[in-house]
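Encoded as structure tokens, the structure appears first; notes follow it.
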Amino acid sequence: MPFGAHRDQDERACGAQTIVVNQSTVFVNNLLWAVEGDPNNHGNGNLVPVTGDTVFVENKLVIVHGPDNAFPDNLCIPIGGRHCTPFTAEGSDDTLIY
């Protein structure tokens with residue numbers, strides 16, 4: 001099953017948006033493609049690729065809305081919930097991989 005590329009400003013399940021900081025050369029629909037380790041605008045929440053292990057950008061695995069996972073963000077404590085187990089909630093409708 002193909003998955004949509006997760007990009008800069010795409011949403012996470014906790015309501016945050018991804019901030020692409022770990023690559024600067026590959027765009028999908030005019031937005032930078034997210035790669036492993038990119039944080040969100042709640043602080044931390046670095047992305048963890050779990051959907052695939054074959055597509056790289058600047059030597060980092062790409063992130064897709066499969067959904068791929070993320071580490072807890074800065075709102076995990078005190079709010080809890082999806083801030084403690086965040087994952088991608090959005091991706092490209094026309095750039096699909098795997």
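Side-chain atoms are counted along with the backbone in the values below, which use heavy atoms only and exclude waters and symmetry mates.
Evaluated for a side chain to side chain contact (heavy atoms under 4.5 Å, CB included) with Val57, the options Val62, Val20, Asn22, Leu32 yield exactly one hit, Val62. Each of Thr51, Thr95, Asp68 was evaluated against Phe3; a single residue qualifies, Thr51, per the side chain to side chain contact (heavy atoms under 4.5 Å, CB included) test.
Taking Arg12 as the reference, nothing meets the salt bridge (Lys or Arg N to Asp or Glu O under 4.0 Å) condition, with sequence neighbours excluded.
Between the CZ atom of Arg82 and the CG atom of Leu75 there is a distance of 15.0 Å, given to the nearest 0.5 Å. Atom CG in Asp38 sits 8.5 Å away from atom NZ in Lys60 (nearest 0.5 Å). A distance of 6.0 Å separates CD of Glu11 from CD of Gln17, quoted to the nearest 0.5 Å. Residue Phe27 holds its CZ atom at 9.0 Å from CG of Asp8, rounded to the nearest 0.5 Å. Annotation: the span from Asn40 atom CG to Cys14 atom SG amounts to 5.5 Å, rounded to 0.5 Å.
Contact of the Ser92 side chain with the Arg7 side chain is registered, since non-hydrogen atoms from C-beta on lie closer than 4.5 Å.
Phe71 and Phe87 fall into different hydrophobic clusters, where Ile, Leu, Val, Met, Phe, Trp and Tyr side chains are chained together by heavy-atom contacts under 4.5 Å. By the criterion of side-chain heavy atoms lying less than 4.5 angstrom apart, applied directly or through intervening Ile, Leu, Val, Met, Phe, Trp or Tyr residues, Val35 is not grouped with Leu47; the two fall into different hydrophobic clusters. Note: the hydrophobic cluster containing Ile97 also contains Val26 (ILVMFWY, side chain heavy atoms under 4.5 Å, direct or indirect links). Val55 and Ile63 are not part of a single hydrophobic cluster, where members link through side-chain heavy atoms under 4.5 Å apart.
Ser24 approaches Glu58 most closely through the heavy-atom pair N-OE2, 3.1 Å. Contact detail for Ala13 and Ala89: the closest heavy-atom pair is N-CB, 3.6 Å. The minimum heavy-atom distance linking Leu96 with Pro2 is given by the pair CB-CB, 3.7 Å. Of all heavy-atom pairs between Ala5 and Asp10, the closest is O-OD2, 3.8 Å.
Looking only at atom types and distance, the side chain of Asn44 has no donor-acceptor partner in the side chain of Asp73 under 3.5 Å away. Remark: the Gln9 side chain and the Thr18 side chain contain no N/O donor-acceptor pair separated by less than 3.5 Å. Remark: the Asp94 side chain and the Asn29 side chain contain an N/O donor-acceptor pair separated by less than 3.5 Å.
For residues 58-98, every residue pair satisfying the disulfide bond (SG atoms under 2.5 Å apart) rule, not counting sequence neighbours, is listed here: Cys76-Cys84.
Of the possible polar contacts, one joining the Glu36 side chain to the Leu61 backbone as a donor-acceptor pair under 3.5 Å is found. Judged by distance alone, the side chain of His65 and the main-chain N or O of Gly4 form no donor-acceptor pair under 3.5 Å.
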